[in-house]
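See structure below.
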Number of protein chains: 2
Amino acid sequence: MKTFNVAIIGCGNVGGGTAKIIQETAAELKKRAGGKEIKIKKIITLHPRRQAKRHGLPLELFCSDKEEITKEQSDACIKNVLNDPDIDLVIETVGGSTNHIHNLHKNILKSGKHLVTANKAILAKHGNTIFDYAKEKNKSVGFEGAVCGAIPLIKVVQDSFTGDLINSITGIVNGTSNFVLSRMNAKGSTFEDALKLAQKLGYAELDPTMDINGMDAANKLKILIQLIYGIPATEQSFPVKGITAITKEDFMVAKSLNSTIKLIAFAIKEKNKVYSFVQPAVISNQDFLYNVNGATNAIKINANYSGEHLFVGQGAGSIETGSAVVSDVVFIAKHGYIKDIKESTAPIKHKQADFNDYPASYLLIIKTKDNPGVIGTVGTAIGDVGVNIENIAQSIISGEDWFLPVEVSKCSAKQLNKAVSLIKKRKPKLIEDFKYIPIFK
Amino acid sequence: MKTFNVAIIGCGNVGGGTAKIIQETAAELKKRAGGKEIKIKKIITLHPRRQAKRHGLPLELFCSDKEEITKEQSDACIKNVLNDPDIDLVIETVGGSTNHIHNLHKNILKSGKHLVTANKAILAKHGNTIFDYAKEKNKSVGFEGAVCGAIPLIKVVQDSFTGDLINSITGIVNGTSNFVLSRMNAKGSTFEDALKLAQKLGYAELDPTMDINGMDAANKLKILIQLIYGIPATEQSFPVKGITAITKEDFMVAKSLNSTIKLIAFAIKEKNKVYSFVQPAVISNQDFLYNVNGATNAIKINANYSGEHLFVGQGAGSIETGSAVVSDVVFIAKHGYIKDIKESTAPIKHKQADFNDYPASYLLIIKTKDNPGVIGTVGTAIGDVGVNIENIAQSIISGEDWFLPVEVSKCSAKQLNKAVSLIKKRKPKLIEDFKYIPIFK
């Protein structure tokens, strides 16, 4: 039977892991692909020798046997790959959401080849565009590796929840942030120290901006929301807060409530409205997500009929994400297509709604000095905006600062914003900081 | 576009849940099935009126509007369904592994209809037979509901782990047993009391034999092993122990080691050998499975490249399992087929090996009286069979009985059997009971 030839553009973390798996599991992949031998015909990278050595790959698979090639040489190699009629599929593992990559995707499809990518940033940025383009060219785009690495969320949402309706998803989808927060929780570290350690151990990149500011998690959430509720990623807009403002005192407060703080990607459907956010949230120690530590990812799916599901696995990593990429290659080799981002969504038109209107439980952490009257002023303002206080726990004292934890019953962030305005107006100097964090119970 | 008509034979728990979902989600299912309207044409049950009322289904969908019909009348209805050229697919939710059901499966396929079933017992008993038969007739058999209810294990193993090699699976796959053991752990109940409560609350059937003797879990494990390693269920044979011999003292011992006891279905591959069992095992409080309580199911998959995965969800229940059945119906309606049990397995021929030869860590619980010399005799015998003791914890005293916990390092059950023989020969009256339970750390 015919060979199924692939080219890999970009041989960093994920590209290298992908190539390694294809090389090592040839016999298994052939059987799974219905007898077609999946073969790497070319790997294109700016540093052929280094990447071959790093991933234990034969140098002859690479576009050159040199230590380094120029951007122009790399472009020429890509051109050759796209013109090679023997190549059936191209794996893009360069990353980034530049126009250059978007054009590369288009050119791959235009040249009659399937595309597999783990590039969440560009899928979130361009939404349907590349899938529409693929359809036009009668080719497919596989993207299992784009959301939570090895956790098989894409195929699960597309084919396994088709007998159900998904009410909500709650996930820890960024390994770097989760590593940092886990460390802060376990060791009482500051954010800065925990991040430094993450970088030292390879859990955070040298530039971790997209991870710690929540954007990476937001991109993954956008793809999931598009898959589940059919709202194109490009039409979504929701609150995104990273973890940079989380302090060790916040963890002290959370701990006093038998909870911890996790960066949570969340979406919930109410009728045809979808409320979503990425932000740090309070997770109780009774919740499965409480024990998801380090670089591990986890997604909780609440479905109308089948209830609560949990999917846990490695959300990043070279061979981990590579295994998801390879599963797409196998599927396309066997079936000649793979489902696109618009399949298996809900039939009714869902709309994005503003999470700031959504009634959620919140933990307020009020930073102040040892002043009398704090509870009275805060309590009055919260009452004035129509919100009930559930519990006022003991203050955490750190140096000269007092941190007063107040749990309020379901209300919107807009109500809490109003309360803050009232307090600031009434007692301008009483409160130094006023943080509110959604609580998941 | 054409309607996709289904009939449901058996309207108990799962059949009723399946019908309810199809009725309630018509619009969603139509979109997911590529525009085909999935319609229930007939529901066959011995108690039409009762089941219509119980599941809130229109009586006109049923084979009769009577309170009860005879076996003969039901058979006549089935005959009509099989002869109806408009029916595309039949859902069997009667259950049981009788020849009658096996023949029903064959007749459904023979009459040119697809089959969807959640019947693990018959799939495990007949292995490939029904899938071979379906292939011959150019029809498909969907069985997502057969293993762990709503957890999408079948499709995940078939399509998501195709870029990887599964090393082992470790699962809590029987909700009844897990409810009973969770209760014994949380409340210190005896097995009998916990089982009675489970029956009272509907978590255990009036005849819970298959659940508590481990056979239900073994059937699910056989299907998973066939899917993953390609060993037909009918050729598998492994140790199956239920939970009936687990006592509250066993839980006291486990607790003293910061652990609990769970009924575990386990399979591990070493080269081309697959070792497996269903039996109670010691699960540490550091393990995710420790917190899987009540009727919830959980499966841990360890894969060569992507590492550890966890899938948690509702392993039983009417609409929960129904949602898995419906996902198969949608898939077949859309694609005209669904993958069979032999797809996506490893290409090399795996062989079943005897778990009693497999080196595992064990907890020995030695029941004795307050006799001097117990540790010496036990320690000597264990040493004589070449096994190392890792830890001897403090004895649990319950009435006149002492329970001595001994953790041994990796050894085979056969070695431990030999040690017991030695002790019985040397000091026939010293030990009253000698239990060994695998430890998962």
Side-chain angles (χ1 to χ4, degrees), chain A residues 17-18 20-22 24-25 27-34 144 149-152 154-156 159-165 288 291-292 296 298 300-301 303-314 317 319-331 334 343-348, chain B residues 17-18 20-22 24-25 27-34 144 149-152 154-156 159-165 288 291-292 296 298 300-301 303-314 317 319-331 334 343-348:
Chain A
T18 301
K20 189 176 148 80
I21 295 174
I22 296 178
E24 288 180 358
T25 57
E28 284 84 358
L29 298 187
K30 187 174 174 181
K31 173 135 193 263
R32 293 165 182 173
E144 182 67 69
I151 308 180
I154 306 298
K155 292 186 186 69
V156 156
D159 280 327
S160 299
F161 281 92
T162 48
D164 211 327
L165 310 168
F288 250 112
N291 291 308
V292 176
T296 304
K300 217 192 259 183
I301 293 182
N304 194 40
Y305 297 111
S306 57
E308 196 132 294
H309 293 256
L310 184 74
F311 299 87
V312 184
Q314 297 313 303
I319 47 173
E320 292 85 351
T321 307
S323 78
V325 171
V326 176
S327 78
D328 276 350
V329 175
V330 169
F331 196 97
K334 176 156 187 176
E343 290 193 64
S344 302
T345 54
I348 60 162
Chain B
T18 301
K20 187 176 152 76
I21 296 175
I22 296 178
E24 289 181 357
T25 57
E28 283 84 358
L29 298 188
K30 187 174 174 182
K31 171 131 194 267
R32 293 165 183 174
E144 182 66 72
I151 307 179
I154 305 298
K155 291 186 187 71
V156 157
D159 280 327
S160 299
F161 281 93
T162 49
D164 212 327
L165 310 168
F288 250 113
N291 290 309
V292 176
T296 304
K300 215 191 264 183
I301 292 182
N304 194 41
Y305 297 111
S306 57
E308 197 132 291
H309 293 256
L310 184 73
F311 299 88
V312 184
Q314 298 312 304
I319 48 173
E320 292 85 351
T321 307
S323 78
V325 170
V326 176
S327 77
D328 276 350
V329 174
V330 169
F331 197 97
K334 175 154 189 178
E343 290 193 65
S344 302
T345 54
I348 61 161

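Below, read A as the first sequence line, B as the second, and so on, with proteins coming before strands; counting in each chain starts at 1.
Proximity to chain A (any heavy atom under 4.5 Å) is shown, for B:Val292, by both the backbone and the side chain. Only the side chain of A:Lys334 comes within contact range of chain B, with heavy atoms under 4.5 Å apart. Proximity to chain B involves both the backbone and the side chain of A:Ile21, based on heavy atoms less than 4.5 angstrom apart.
Within a 6.0 Å sphere centred on NZ of A:Lys20, heavy atoms belonging to other residues, nucleotides or ligands number 12 at most.
Taking OG1 from A:Thr162 and CZ from B:Phe331, the interatomic distance works out to 9.0 Å, rounded to the nearest 0.5 Å.
Remark: B:Glu28 engages no residue in a side-chain hydrogen bond (donor to acceptor under 3.5 Å, both in side chains) (not counting sequence neighbours).
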Listing, residues 305-314 of chain A side-chain donor-acceptor contacts under 3.5 Å, not counting sequence neighbours, or none:
unit_1   : atom_1 : unit_2   : atom_2 : d
A:Tyr305 : OH     : B:Glu24  : OE1    : 2.5
A:Ser306 : OG     : A:Asp164 : OD2    : 2.6
A:Ser306 : OG     : A:His309 : NE2    : 2.8
A:Glu308 : OE1    : A:Asn302 : ND2    : 3.4

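Nearest heavy-atom pair, A:Ser327 versus B:Ser160, reported as atom, atom and distance to 0.1 Å: CB-O, 3.7 Å.
Interface check for chain B: of the options A:Asp159, A:Ile154, A:Val326, A:Ile151, the most heavy-atom pairs under 4.5 Å are formed by A:Asp159.
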